[in-house]
Amino acid sequence: MIETLPGFRQFYPEDCAARNYLFSIWRRVAVSFGFQEIDGPQLEPLELFTEKSGEEIVGQLFNFTDKGERNVSLRPELTPRVAVMAGSKANALRKPVKWFSLGEMFRYEKPQKGRLRSFYQLNVDLFGEENCSADAEVMGLCISILKSFGLTDKDVVLRLSDRTLWLHCLNGWGLDEASALRCLTVIDKVERVERSELVKQLDGIMTGKGDWLLESAEGLLKIKSLSELDGFVAKHFSGTEHAAVLAARIEEWRYLLKSFEDMGLSDFVQVDFSIVRGLAYYTGFVFEVFDRAGESRALAGGGRYNHLVRKMGGPDLPAVGFGMGDVTLRNLLEEKGLMATFADTLDCYVIYNGEESRTEALCDIMRLRELGFSVDYPLKGGNFGKLFKTANQRGARFVLIYGPDELEKNVVKVKEMLAGREQELHREHFIEMMAQLIRG
RNA sequence: GUGGUAGUAGCUCAGUUGGUUAGAGCAUCGGAUUGUGGUUCCGAGGGUCGAGGGUUCAAGUCCCUUUUACCACCCCA
């Protein structure tokens, strides 16, 4: 037997049903928020990704040279393509542009739990609105989706941070923009790297002041609420030239958090400045959603990326978005017992006895199928006891019996499996009556 | 890319210091049961013991290599 490539999955019916369940909720809730579905190619020119993320990214890509000597890569994410799509029609698109996409992504990584080489991702993007009402809408959708799966604020938390505020503070502490960005990549590691190592790295950015810088940063990292943030900014920056921009930014925070309150989603949101996200293209509010209990990987993550569209060759177009993968989500839902088991179900299972009965049965089966009902029947007959057992296993609501007795009386015997009730329906109006029974 | 652990039927797993023809439960198929389901009983099929090499009279078991999965790193759009 030939195995799948590492990190790729086969989907048996139960797996497909589970996947479709995730897709259906993703799609339904995104549409309910007024987002429209889009998609892009699965195979892309390599430059699309190196343009956005630099040459280092190639190590993580599923890339190769095609028969036309083109450097290509399976898509590891959708965002650059969406940025191109939005950018190239930017002037023609009604703002705000609210798009989402469900698709398979590929990354050449070492497979482990919650991380495969092929996975499905929901991608949500909102273009053309600078106000943080757009951030609220996008994050609100992210939380609402998780709620729709049955997850509560006891299960998951959206950790909300802000790269703009970080940069203002670092700027206020004397770092230029390039140093500040380097500093953020160090801060991103604060949960998993030892303190002395962090100080060393920060020393490399601000000579002799690494320790002080880390302490200042830790002040920000400790903050858990807006009032604490107010206090922090007052303590560090009141009376300085940075006070005004910081005050303005805090007003945006106030507006964003108020939006979550108005949406009834506040309990899902936690101020947490340790989230800065690895990639440098994020420009404002950033967030990640985690399982509150476990140490599993992030369920979703995203933020503001106001410069990407221009970087991809389009006009200035502010943007905010997030991605959510199927693997971690499904793991969590299974852990929490929120993943339904997807049993085989049928509206009708038809059993017959003899060739003449089969002729009549097939005729009715096709008519019921045309009405959209799921109807199945044994391909090779069998005794009635066995066939009832099969009907039961198949999850059939009704069993329709076509036999010599019924044929003679010109009826179909209909058994409702759950109730065990039986009745005979005259064949003259059988399809109509059967349709009524199934519907209701 | 670096370490650790593991791999026996479709699934979950037994398999003694190396010793007849590798087992069980579940699932599948058939029968008891050719006009009535969830229970029960009987039976069958299904294994190159992940792959390759070595040690041995003899390897699922010991050794080496390799591969895959899981876990921890690196990374994480």
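Reminder, nothing fancy here: chain letters follow the sequence lines and each chain counts from 1.
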Using Watson-Crick geometry (N1-N3 plus N6-O4 or O6-N4) or G-U wobble (N1-O2, O6-N3), each under 3.5 Å, B:rU21 is paired with none

Distance between C1' atoms of B:rA9 and B:rC29 (Å, rounded): 15 Å

Distance, C1' atom - from B:rG45 to B:rG10, rounded to whole angstrom: 13 Å

Residue from A:W26, A:Y120, A:F149 passing ring pair (Phe, Tyr, Trp, His ring centres under 6.0 Å) with A:Y21: A:F149

Who pairs with B:rU16 - Watson-Crick or G-U, where each distance is under 3.5 Å: none

P atom, B:rG23 versus B:rU67: distance in rounded Å? 33 Å

Whole-angstrom distance between B:rU16 and B:rC62, as gauged at atom C1': 16 Å

Distance in angstrom units between A:L184 CG and B:rC76 P, rounded: 14 Å

For A:K336, is there an ion pair with A:D155 - N to carboxylate O distance below 4.0 angstrom? yes

With a distance cut-off below 6.0 Å to the six-membered ring centre and an angular limit of 45° from the axis, does A:R117 pair with A:Y108 as a cation-pi contact? yes

Given the ring of A:F100, does A:R27 sit roughly above its face, with NZ or CZ under 6.0 Å from the centre of the six-membered ring and within 45° of the axis? no

Once you apply the 3.5 Å cut-off to both distances, tell me the Watson-Crick or G-U wobble partner of B:rU28, or none. B:rA44

Is the Lys NZ or Arg CZ of A:R249 less than 6.0 Å from the centre of A:F285's six-membered ring, within 45° of the axis? yes

Please give the distance between the C1' atoms of B:rU66 and B:rA27 as a whole number of Å. 33 Å

Can you confirm whether A:C183 sits close enough to A:M206 that some side-chain heavy atom of one is under 4.5 Å from a side-chain heavy atom of the other? no

Output the rounded distance in Å from CE (A:M105) to C1' (B:rA77). 11 Å

Among B:rC70, B:rA77, B:rC74, the one nearest A:K113 by side-chain distance: B:rC70

Please encode protein proximity along nucleotides 28-40 of chain B as a string of B, S and -, counting only heavy-atom distances under 4.0 Å. S-S--SSBBBB-B

Output the rounded distance in Å from CD1 (A:I275) to C1' (B:rA77). 15 Å

Round to a whole Å and report the spacing from CD of A:Q112 to C1' of B:rA72. 8 Å

Counting Watson-Crick and G-U wobble pairs only, both distances under 3.5 Å, name the nucleotide matched with B:rU39, or none. none

Over how many whole Å does the gap from A:F49 atom CZ to B:rC76 atom P extend? 17 Å

Using the C1' atom in both, what is the distance from B:rG54 to B:rA59, to the nearest Å? 11 Å

Taking pairing as Watson-Crick or G-U wobble with both contacts under 3.5 Å, can you name the mate of B:rC49, or confirm there isn't one? none

Closer than 3.5 angstrom, by distance alone: can the side chain of A:D364 be matched with the main-chain N or O of A:A361 as a donor-acceptor pair? no

Check the distance between B:rC70's P and A:N331's CG and give it to me in whole angstrom. 10 Å

Tell me what A:P76 touches on the nucleic acid: a base, only sugar-phosphate, or nothing, going by heavy atoms under 4.0 Å. base

Which part of the nucleic acid, if any, lies within contact of A:L387, taking any heavy atom under 4.0 Å across all strands shown: a base, the sugar-phosphate backbone alone, or nothing? nothing

Separation of B:rA72 C1' from A:E109 CD (nearest whole Å): 16 Å

Does CD in A:Q36 sit with more than 12 non-hydrogen atoms of other residues, nucleotides or ligands closer than 6.0 Å? no

Any strand is fair game: report the nucleotide pairing with B:rA58 by Watson-Crick or G-U wobble, both distances under 3.5 Å, or none. none

B:rG1 pairs with which nucleotide, Watson-Crick or G-U wobble, both distances below 3.5 Å? B:rC73

With rounding to the closest Å, how many angstrom separate the C1' atoms on B:rA58 and B:rC71? 37 Å

All heavy atoms of A:A319 vs all of A:F127, minimum pair found to be CB-CD2, 3.5 Å

Taking B:rA72 as the reference, what is the distance to B:rU48 when you measure between their C1' atoms (whole Å, please)? 34 Å

Whole angstrom is fine here: how far is it from OH in A:Y108 over to C1' in B:rC76? 17 Å

With sugar-phosphate meaning primed atoms plus P, OP1 and OP2, does A:G321 contact a base, only sugar-phosphate, or nothing at under 4.0 Å between heavy atoms? nothing

